[in-house]
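Below is one structure, written out as C-alpha cells; comments come after it.
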Amino acid sequence: MNDSRFLTTVLNSLDFTYFKGNTTRFDVKKSHSFDQPFTLISQITDGPLLLHIGNESYKVEPGQGLIIPPHTKYEINMLGPQFVTHWLNVDITLFDHFKLFDFIETPYVTSEDIGNNIGRLQTEITALMNTDPIDASTSLYKAAQVKQRLFTLLEIVLSVSRYKIGSFEDMRNLQRFQPVFDYMEKHLAEKIKVTQLAELMYLSISHFHKEFKQAFQVSPMQYIQAQRLKEAQYLLATTDLTMGEIANRIGYDHTYPFIRFFKSMYGSSPGKYKKTLTRL
C-alpha cells in the first residue's frame, strides 16, 4: 500500500470519544493520586504544583498545560493553598481499538502558550456540552462544533509530540490484524481461543502465534488479558455496574475469579481501584 492510501486509511480510522470536562478547584493542601483509563488534557491555573509520574517529578506553573495518556499513574502535590484545573477526559483512537498514545510520546507538561490554547478549547467545549440544544438540527450543529475543537486539540497535542520508533510499521501491523482485533472486541465476554483467531488470518496456530508476537511483543492470550483489564478499568470508571456485571462483560462467570484476575494484573482489587478514582 502506498503512503497516500495508507494515510487515508489512518485518517478514516481516527476517532475521538468525549467523556467529560469541567473546571475543578482543589483547596485542601495535600497529594492527589490519579489513574484513569482515558486521556487527560488540561490547563492548570492558580498553582503551582508538583507532578510525579514514575521516578520523575515536574513543576507545573500557573498557565501551563498537562497531557496525561490513559492508564498513566500520576500524583499531584500542591505547593500553594489551591490549584484549579480546566480539564477534559477524552479518548483518541486509531483502527477502532488502539490509543493514539500507543504511537506517540508527548511531554506531560506543556508551555504556557500551549496551556492557554488548551484552556480556551476546554472552555469552549465545556460550554457547548453544557448548553441544551433547541432542536435536533441545533444539536447536530453543536456536535460538529465540539468535534472541530477536539480535532484542534489533537493538532495541539501532535504539535508537541514525536512518533515512537516503528510507529508506522506498528500501524500497518494493526491494519493487517484488524479482523483479529474486531473479533476480540466483539467476543471479550466469551472464552476466546487462539484457533479461532488463527482461522481469521488463514494461518496455522503456530504461525499465527509467531507472527502476532513478532508484531506486538506479546502472545495473543497476553494481549487479550491486557484488553480485559483495560475494559474492566473503563467500566469501573464510567459506570455503576456491579462487580458481577463487569466480570460477565469481560468473560468471567463469577465475581471472585474476576477480582483475582484484576488484582493479579493491576496490583489491587477492582473495588479499591474504583474508590481511588477521582470523580472530578
Side-chain angles (χ1 to χ4, degrees), residues 16-92 99-101 104-131 146 149-162 233-234 236-238 266-268 272-280:
F16 260 101
T17 301
Y18 170 90
F19 290 105
K20 51 188 175 179
N22 209 337
T23 295
T24 303
R25 181 184 300 275
F26 292 85
D27 53 13
V28 177
K29 191 172 181 180
K30 64 175 186 178
S31 297
H32 301 271
S33 297
F34 303 84
D35 182 6
Q36 297 175 322
F38 23 63
T39 300
L40 169 76
I41 302 176
S42 75
Q43 183 189 30
I44 300 298
T45 56
D46 296 333
L49 54 86
L50 278 179
L51 171 69
H52 304 283
I53 300 179
N55 295 322
E56 300 293 329
S57 296
Y58 310 86
K59 187 174 182 181
V60 186
E61 300 287 354
Q64 291 186 293
L66 297 180
I67 303 173
I68 310 294
H71 302 288
T72 300
K73 295 182 180 181
Y74 64 100
E75 182 179 299
I76 288 175
N77 290 341
M78 298 172 60
L79 298 178
Q82 68 178 20
F83 79 90
V84 177
T85 171
H86 309 275
W87 56 272
L88 293 167
N89 285 148
V90 298
D91 242 354
I92 313 169
K99 309 292 185 185
L100 174 69
F101 290 92
I104 65 171
E105 293 178 348
T106 301
Y108 300 123
V109 182
T110 77
S111 67
E112 187 174 339
D113 286 344
I114 295 294
N116 288 334
N117 285 329
I118 290 172
R120 173 181 57 81
L121 288 165
Q122 185 274 343
T123 299
E124 293 174 2
I125 291 169
T126 301
L128 285 165
M129 295 300 296
N130 290 338
T131 303
V146 171
R149 284 161 175 79
L150 286 173
F151 272 96
T152 301
L153 198 62
L154 174 60
E155 286 186 68
I156 291 172
V157 171
L158 292 177
S159 73
V160 296
S161 303
R162 66 182 183 87
Q233 289 176 298
Y234 172 77
L236 287 164
T238 61
Y266 183 73
S268 67
K272 186 175 180 181
Y273 173 78
K274 189 174 182 70
K275 287 179 182 178
T276 62
L277 287 167
T278 302
R279 303 269 183 168
L280 295 178

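Side chains included, hydrogens not; waters and symmetry mates left out as well; all remaining heavy atoms used. Since the structure is predicted, the reported quantities are computational estimates derived from the model, not experimental observations. Position 1 is the first residue of the sequence; numbering continues from there.
- At least one side-chain heavy atom of Gln122 sits under 4.5 Å from a side-chain heavy atom of Thr23.
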Q) Please walk me through it: do Ile41 and Leu66 pass side chain to side chain contact (heavy atoms under 4.5 Å, CB included)? A) CA-CA 6 Å; Ile41 302 176; Leu66 297 180; over 6 Å; no

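- A side-chain donor-acceptor contact under 3.5 Å links Thr45 and His86.
- Between the OG1 atom in Thr152 and the CD1 atom in Ile125 there is a gap of 8.5 Å [rounded to 0.5 Å].
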Side-chain donor-acceptor pairs of residues 111-118 under 3.5 Å, sequence neighbours excluded:
from, atom 1, to, atom 2, distance (Å)
Ser111, OG, Ile114, N, 3.2
Asn116, OD1, Gln43, NE2, 2.8
Asn116, ND2, Glu112, O, 3.4

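- Atom OG1 of Thr238 is separated from atom CG of Asn89 by 11.0 Å, given to the nearest 0.5 angstrom.
- Counting only heavy atoms from C-beta outward, the side chains of Gln36 and Ile68 never approach each other to under 4.5 Å.
- Considering only heavy atoms from C-beta on, Gln64 stays 4.5 Å or farther from Ile44 through its side chain.
- In this structure, the separation between CZ on Phe83 and OG1 on Thr24 is 8.5 Å, given to the nearest 0.5 Å.
- When side chains are defined from C-beta on, Asn22 counts as touching Trp87, because their heavy atoms get closer than 4.5 Å.
- Two residues are said to be in side-chain contact when any heavy atoms from C-beta on lie closer than 4.5 Å; Pro37 and His71 meet this criterion.
- In this structure the side chain of Tyr273 reaches within 4.5 angstrom of the side chain of Asp35, judged on heavy atoms.
- Across Val160 and Pro107, no two heavy atoms sit closer than the pair O-CD, 2.9 Å.
- Between Leu88 and Gly21, the shortest heavy-atom contact is CD2-CA, 3.9 Å.
- Here CG of Leu150 is found 8.5 Å from CG of Leu121. Values are rounded to the nearest 0.5 Å.
- Annotation: salt bridge (charged side-chain N to carboxylate O under 4.0 Å, His left out) contacts of Glu124 (sequence neighbours excluded): Arg120, Arg149.
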Q. Could you walk me through whether Tyr74 and Tyr58 pass the ring-ring contact (aromatic ring centres under 6.0 Å, His included) check?
A. CA-CA 11 Å; Tyr74 64 100; Tyr58 310 86; over 10 Å; no

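- Rounding to the nearest 0.5 Å gives a distance of 9.5 Å between CD of Glu75 and CZ of Phe34.
- The cationic atom of Lys274 (NZ for Lys, CZ for Arg) does not lie both less than 6.0 Å from the six-membered ring centre of Tyr266 and within 45° of the ring axis.
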Side-chain atoms of residues 47-57: list all donor-acceptor pairs with protein atoms under 3.5 Å, sequence neighbours left out, distances to 0.1 Å.
from, atom 1, to, atom 2, distance (Å)
His52, ND1, Ser57, OG, 2.7
His52, NE2, Asn77, ND2, 2.7

Q: Before giving the answer on side chain to side chain contact (heavy atoms under 4.5 Å, CB included), spell out for Thr110 and Ile156 the whole-Å C-alpha distance, their side-chain angles and the decisive distance to 0.1 Å.
A: CA-CA 10 Å; Thr110 77; Ile156 291 172; over 6 Å; no

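- Rounded to the nearest 0.5 angstrom, Phe19 CZ and Thr39 OG1 are separated by 8.5 Å.
- Side-chain contact between Phe38 and Thr17 is absent, with no heavy atoms from C-beta onward closer than 4.5 Å.
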